[in-house]
Amino acid sequence: MAIQVSDPTYGPMLDPREGDVATVRTDVEPVRWQPLDPGPVDVPELVFVDGVQQVEAWLNITPHDDPAPVFGVAFAVAAGAVVGGADRARVDEIRLQRVVMTEGGRCLHLPPSGGFAWDTRAGGGIDPGAMAGRVAGFRRDLEQTIAEGMAAPDRLVVLDGRLSFLRETRHPVIGAVKSHHAMYLQGEHAGVVTALRAGQRTPLFAIGDDRFGWYQRLPNVGDAGWAGVLRGEVSQGFGLAVARRLADVAAAALPRYAGRPHRDPRAPQNMQPIMALEQRLRHRLGDRRLAFRAARVACAQATLDAVPSARPDLRIAAA
Amino acid sequence: MTATPEPVGVVLGHQAASSQSFQVGIADGASVQVDDLVAVRTDDPGGPVTTFGIVTESYAQIEGASVATDTMHVAQGNMPGELVRTADVQVIRVDPERWIAPYPGEPVRLARDGERAKALYEDTMSRTLTLGLGRDGLPIQLDLDFLDGTKGGHVSISGISGVATKTSTALALVRLLLEHAEMRRRVRVLIFNVKGEDLLHIDRDNAGYRARADRDQLDARWAQLGLADPGGFPQVGFWAPPRKDHHGLPDCESRLEDVRVFGWTPWRFVVEGLLRFCFTDAADMRSQVGFLEERVRGEMLRRAVPVEGHPGAVGFMAQGVPGQPGTRAARLPSELATPVFEDLDGLVDWLVELLSDDELVRSGAARAWIGNAAAGTLPAFTRRLESAAARLRGLVRADAVAIPRGDAAQNEPPVAVVHLTRLHEFAQRFVVGTLLAQTFAAKESGTRDPIEFVVLDELNKYAPREGHSPITETLIDIAQRGRSLGVILVGAQQQASLVAPEVTQNAAIRISGRLDPAEAERSEYGWLSPAARARARLLMQGRVMVSQPSVPAPLTVEIPFPPWATTAREVAVDDASDDAIFSKLA
């Protein structure tokens, strides 16, 4: 067996965008379409959940029994949570996972090397884009695991990114989306977004039949256009009343955590706990160059399953 | 040995640890402070090595904060950040001696008991003196071999005034030496009092000490240092110059009883060549005046004889007298070529008259006294001589009692305090120069024991960096040869940079109290690490940093509050003599 290991710095794009084709309804909340002030709300304990991913090596495997190459990837994902108390924000939980994944059914086993160890997965299609999508899937699974673990009746879990993959939870979870690749509102409704002041939100709108969404504006970058606008999402499973309350809580509580533009190019939507958590997670993933070297060394002693096998259960490293 | 103590942290590896220094990440709930002694065991493939170190700096940081406002946001709870405490450690020993870096991740523990002794090299010291307490409250040992001259000697103490450094440390050192089982009978101490009358009361208990609420703890701490019965110095002889108006009375205010008046007879003045200590100005040494002084001194010595019926006085014969001056027979006044000199004034008047006589000088009759001195040198010389006589008035007279040195001091108390404060600076130099020379001369011709400790503050005045003088030479001589002869200099100064380097560099034991920040940066303090220098600006009262050859890092030592009176005001009131003193002061 021969394995060609390439530096992922020169690899294909890793962060595929996902289109959202759901229909949007704006007649959800029985209010006039205009910027809303959340009014006085009881702010529960906020928990911010986020994850990072890092592709560390692309593998091109030529089995000894088959001249057709098998494509593979060695990568690591990490996710964690920050609990924002009244006077202290602390990182509560961090989980890491390092995986070597091959297309098709034959698993590649890498021995531990230089302090790095890999779980083994196989399956999926053959193009690099699909592979990258699966890496992102691993990250989202980890984020979801943590979000579910952290959720509680007296807490609001704020997940960085869209909710679309999240299963129903009994306890409050919202998604906070920074980028606005997809426009959910048109015309005069979009005008309400640009009219928002910091701390205000739009009325709720329904995205498909599973989520409610709203826009809200964070401080620190002015009130013009789409600056500082964040999109919130919550599952329709909570019902309209709860959803409205959670949107109010988000509109009232999140400005405190808004990112600072001199500190973070994605401010203010990339909130401070998220930024600090991502830094920590990337750090904990370890040095990408060292991981690449370790993968190269490990590949020299790798074994490839002779026959397709069932996916082994993943081990998730708790930090 | 006791069980290995709990680790206080781990060796950090984000920057390389070295065999010289490393960083410790301090564990939650553990506390590590500057000066703590730590130990790390490393299982090196070549065999296990224990690294001992001393904490030189302590840090606290928010990990994850990269700009200043991050910390403020962390404090407000908007951003997570973790408090991380670390410490710098300077390695002082590896055991066995294999110089490897401790491995990052290895647990670091405080060095206690046997490990502490090892870290402080106590196992390499055959004889020790406890000087004070470390920051952990336990005794710090000095290697006696490097104090008493066996392997090294001399102590140099630096520090600004007023924070109980120089005098307090020197006195504590002396006091503990006098209590030391082996040394107590081998020690003689000469202390010069150059500030107020502070040292004229060290034989009395300190009222402030007695009144301290923590008296019991202080007693216990002194007991740890070997002083079982803290109080005034047990046996001290006090010496003061004579009063101007009454030569029989000591020139001091706060204490009169048990203070003896010192001076020198004209005979000893001539025989010991003390004239040289009247020309101690750096300018004198550069000019012809120095040569002329040497000539006059020699000529006096050649012709001097004691005088029958005038003990202590000196007279000169017309010609040189054969034989050692000490063995010369006394002559009748009528046999002399000069009057009988009962004090310095008479002698100087006569000399000035001789050297000012133009006829004698021109005719060459005074050639023996003046040699080929240039015409301008003579008036310069006589002017100095006259001012010297005026300033030394009373110190040189026929009925004076000299402070016994050498064998003559056998029956004296082991400690002699010489009061200099009220003397003119010129006279102070004369007294110090004379006593140092006498002490050294007695040792040169005598035995090494008992060891003479000389405590001298304001060393920069007596052995300045610039210029030469007989005192500087004596001090350099003591610094270079004294330890083998049995003279140990305990010198103190505010600024070591102003003292002749030969004197400070020969000190085996270097002590620093609080330093002036500019002074601390000078090369004279190279024995302090950069961290220790920064530290020297912040030393509290009674804390000093001590460096000794046996331990390769300066240690912070605390000297407890002194149980002896360090000023007249501190004298404990139930001392019998006190009422009398205070009524005089009132």
Side-chain angles (χ1 to χ4, degrees), chain A residues 43-50 52 79-94 114-115 146 150 158 160 218-220 252-268 270-284 286-287 290 319, chain B residues 7-18 22-32 40-46 58-88 100-108:
Chain A
V43 178
E45 188 171 67
L46 296 185
V47 177
F48 298 86
V49 173
D50 193 16
V52 296
V82 172
V83 178
D87 55 2
R88 183 165 174 238
R90 64 189 158 81
V91 174
D92 190 276
E93 188 175 14
I94 287 182
I146 288 187
M150 297 300 291
V158 181
D160 190 56
L218 296 173
N220 296 353
L254 293 185
R256 171 184 171 185
Y257 297 98
R260 290 164 289 151
H262 66 282
R263 199 56 186 84
D264 182 353
R266 294 178 297 167
N270 199 44
M271 288 174 283
Q272 293 193 58
I274 300 281
M275 176 196 68
L277 178 61
E278 276 188 12
Q279 267 181 1
R280 180 84 70 90
L281 293 174
R282 287 197 186 289
H283 204 73
R284 289 288 294 275
D287 190 302
L290 286 180
Chain B
V8 290
V10 295
V11 177
L12 294 181
H14 67 297
Q15 287 168 344
S18 82
F22 59 91
Q23 285 192 305
V24 181
I26 301 168
D28 285 344
S31 182
V32 172
V40 186
R41 183 189 148 102
T42 301
D43 280 316
D44 187 68
S58 147
Y59 305 93
Q61 191 174 22
I62 299 287
E63 209 167 57
S66 57
V67 299
T69 45
D70 282 357
T71 305
M72 290 143 86
H73 284 272
V74 169
Q76 287 163 8
N78 306 342
M79 187 175 155
E82 220 172 327
L83 174 69
V84 180
R85 298 170 306 147
T86 59
D88 283 341
I100 58 159
Y103 290 1
E106 290 295 335
V108 176

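When reading the values below, keep in mind they use all heavy atoms of this one structure, side chains included, and skip hydrogens, waters and symmetry mates. Fair warning: this is a prediction, and the values are worked out from it, not measured in the lab. Here is the naming used below: chain letters follow the sequence lines, and residue numbers restart at 1 for every chain.
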Side-chain donor-acceptor pair under 3.5 Å between B:Tyr103 and B:Asp44, yes or no? yes
Taking side chain as everything from C-beta outward and backbone as N, CA, C, O, which of these in A:Val91 sits under 4.5 Å from a heavy atom of chain B? Side chain, backbone, both or neither. both
Let me know if A:Ala86 has heavy atoms under 4.5 Å from chain B in its side chain, its backbone, both or neither. backbone
Within the 3.5 Å criterion, strictly below it, is a donor on B:Ser66 or A:Arg263 matched to an acceptor on the partner's side chain? yes
Tell me which of these, A:His262, A:Arg256, A:His283, A:Arg260, has more heavy-atom pairs under 4.5 Å with chain B than the rest. A:Arg260
Where A:Ala276 and B:Met79 come nearest, the two heavy atoms and their spacing: CB-CG, 4.0 Å
Less than 4.5 Å to any heavy atom of chain B: does that hold for the side chain of A:Met275, its backbone, both, or neither? side chain
Check whether more than 12 heavy atoms from other residues, nucleotides or ligands sit under 6.0 Å from atom CD of B:Glu63, and answer yes or no. no
